Amino acid sequence: MGGVSAAWRFLVPAWRQAWASLLCASAYLSLAFGSRSLVGPWLLLGVLMTLIASGRLWPAAMGQIEPPRGWDLLIRVRELRLLAVAGLSFLFLFVLFLLVFVLVLCFAYAAAASGHGFVASEISTWAPAVDSRGRWVVSVVAIVCTLAWTWAAMRVSLAAPATVAEGKVLMIATWPLTRGRAWAIALAQVLTLLVPAGLTALLIAAHPARGPAPLGLALARGLVIAGLWLPLTIGLMGRLYSDLTSGQPEAALA
């Protein structure tokens with residue numbers, strides 16, 4: 001629980017360190033949620049401010065002493081490295097997702113082909129042809145594949161703090177650091193993000209329909225994502241990386 005408590009204690013220092021970029025990210029994301037189309041310039045600006053805030057927060061989360069730059073909204077080399085590692089991580093996990101999807105699809109096709117009424121040339125007959133035994137098989141395969149994908153995501157989850165600490169883009173290089181600790185990291189993330197996840201679910205349930213959200217809800221969503229999700233995630237992963245690289249993994253995973 002050391003990492004979880006450290007993440008929550010990091011909220012105040014995070015806002016002190018990067019209040020301007022966090023406020024801008026919250027405002028731009030709120031404008032995106034309040035617009036007719038979520039994807040647009042406001043979302044792009046919100047992501048940009050989130051990237052700038054991340055560049056300010058990672059060193060503080062890992063205990064690196066830097067002067068407060070709450071007013072600083074400039075992109076530097078650190079932010080570009082974070083953008084690169086985010087892109088590489090997304091590409092890596094997307095390729096794994098495609099492999100998982102194809103594997104599940106193959107089992108679903110096999111289950112349908114072994115059932116009654118299956119006609120290969122008529123897609124509408126595939127789903128009804130799957131019997132209860134086939135559904136169990138496909139469900140088990142889907143669960144196992146989802147767990148495997150989550151495990152892989154946790155193995156590269158320390159790529160951002162490693163990139164900031166080492167001053168170069170690292171992604172797969174962090175794989176050995178998380179050996180045997182993937183599920184502990186996943187549990188720490190779940191415990192840390194229970195509150196913002198619950199708030200997000202409530203805000204979505206308050207206005208589930210498509211289209212622009214009311215101003216109050218849009219502002220609340222932006223603040224929860226940029227002002228709560230981001231600092232908590234960075235505070236947790238920064239603490240875990242610091243503990244794991246300092247030769248005291250028990251402090252991070254206790």
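Hydrogens, waters and symmetry mates are skipped; everything else that's a heavy atom, side chains included, is used. All of these numbers come straight from a predicted model, not from anything done at the bench. Sequence positions, counted from 1, serve as the residue numbers for this chain.
- L29 has its side chain out of reach of R221: every pair of non-hydrogen atoms, C-beta onward, lies at least 4.5 Å apart.
- Pairs engaging residues 228-238 under the side chain to side chain donor-acceptor pair (under 3.5 Å) rule: T200-W229 [sequence neighbours left out].
- Distance CG/L191 to CG/L193: 9.5 Å, rounded to 0.5 Å.
- Under the 4.5 Å side-chain contact rule for hydrophobic residues, W136 and L103 do not share a cluster.
- Both L99 and F94 are part of a single hydrophobic cluster, where members link through side-chain heavy atoms under 4.5 Å apart.
- In the hydrophobic clustering, where aliphatic and aromatic side chains (Ile, Leu, Val, Met, Phe, Trp, Tyr) are joined below 4.5 Å either directly or transitively, V144 groups with V140.
- Note that the CD1 atom of I75 and the CE atom of M49 stand 7.0 Å from one another [nearest 0.5 Å].
- Here the shortest heavy-atom pairing between A226 and P231 reads O-CD, 3.5 Å.
- Judged by distance alone, the side chain of T192 and the main-chain N or O of Q189 form no donor-acceptor pair under 3.5 Å.
- Atoms OG1 and CG, on T50 and L82 in that order, are 12.0 Å from each other to the nearest 0.5 Å.
- Hydrophobic clustering of Ile, Leu, Val, Met, Phe, Trp and Tyr side chains at less than 4.5 Å, counting indirect connections, keeps L223 apart from L230.
- Listed here is the closest heavy atom pair of L96 and A152: CD1-CB, 3.5 Å.
- The two residues S30 and S26 come nearest to each other via the heavy atoms OG-O, 2.7 Å.
- Of all the heavy atoms in V100 and C145, the pair that sits closest is CG1-CB, 3.4 Å.
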Could you give the side-chain donor-acceptor pairs of residues 3-13 under 3.5 Å, partners two or more places apart or in another chain?
| from | atom 1 | to | atom 2 | distance (Å) |
| --- | --- | --- | --- | --- |
| S5 | OG | M1 | O | 3.2 |
| S5 | OG | G2 | O | 3.0 |
| S5 | OG | R9 | NH1 | 3.3 |

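- Clustering of Ile, Leu, Val, Met, Phe, Trp and Tyr side chains at separations under 4.5 Å places L105 together with F101.
- Minimum interatomic distance between A53 and L22 (heavy atoms only, all atoms of both residues): CB-CD2, 3.8 Å.
- Between F33 and L203, every side-chain heavy-atom pair lies at or beyond the 4.5 Å cut-off.
- Pairs of residues two or more places apart, or lying in two chains, that qualify as side chain to side chain donor-acceptor pair (under 3.5 Å) and include a residue from residues 140-156 are R155-T178.
- More than 12 heavy atoms of other shown residues, nucleotides or ligands fall within 6.0 angstrom of atom CH2 in W175.
- Note that the CZ atom of R181 and the CG atom of L187 stand 15.0 Å from one another [nearest 0.5 Å].
- No path of Ile, Leu, Val, Met, Phe, Trp and Tyr side chains, each step under 4.5 Å between heavy atoms, connects L202 with V190, placing them in separate hydrophobic clusters.
- The local environment of CZ in F107 is sparse, with at most 12 non-hydrogen atoms from other residues, nucleotides or ligands closer than 6.0 Å.
- Of all non-hydrogen atoms in R56 and Q17, the two that sit nearest each other are O-CG, 3.5 Å.
- One distance of note links CG of L199 with CD1 of I225; it measures 11.5 Å at 0.5 Å rounding.
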Evaluation steps, side chain to side chain contact (heavy atoms under 4.5 Å, CB included), between I185 and M237: CA-CA 9 Å; I185 294 174; M237 304 312 290; 3.8 Å; yes

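- In this structure, CG in L93 is found 11.0 Å from CG in L98, a value given to the nearest 0.5 Å.
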Show me the donor-acceptor pairs within less than 3.5 Å that the side chains of residues 158-171 make with the rest of the protein, sequence neighbours left out.
| from | atom 1 | to | atom 2 | distance (Å) |
| --- | --- | --- | --- | --- |
| T163 | OG1 | A159 | O | 2.8 |
| T163 | OG1 | L170 | N | 3.1 |
| T163 | OG1 | L170 | O | 3.2 |

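- Looking at heavy atoms from C-beta onward, Y28 lies out of side-chain contact with L48 at the 4.5 angstrom threshold.
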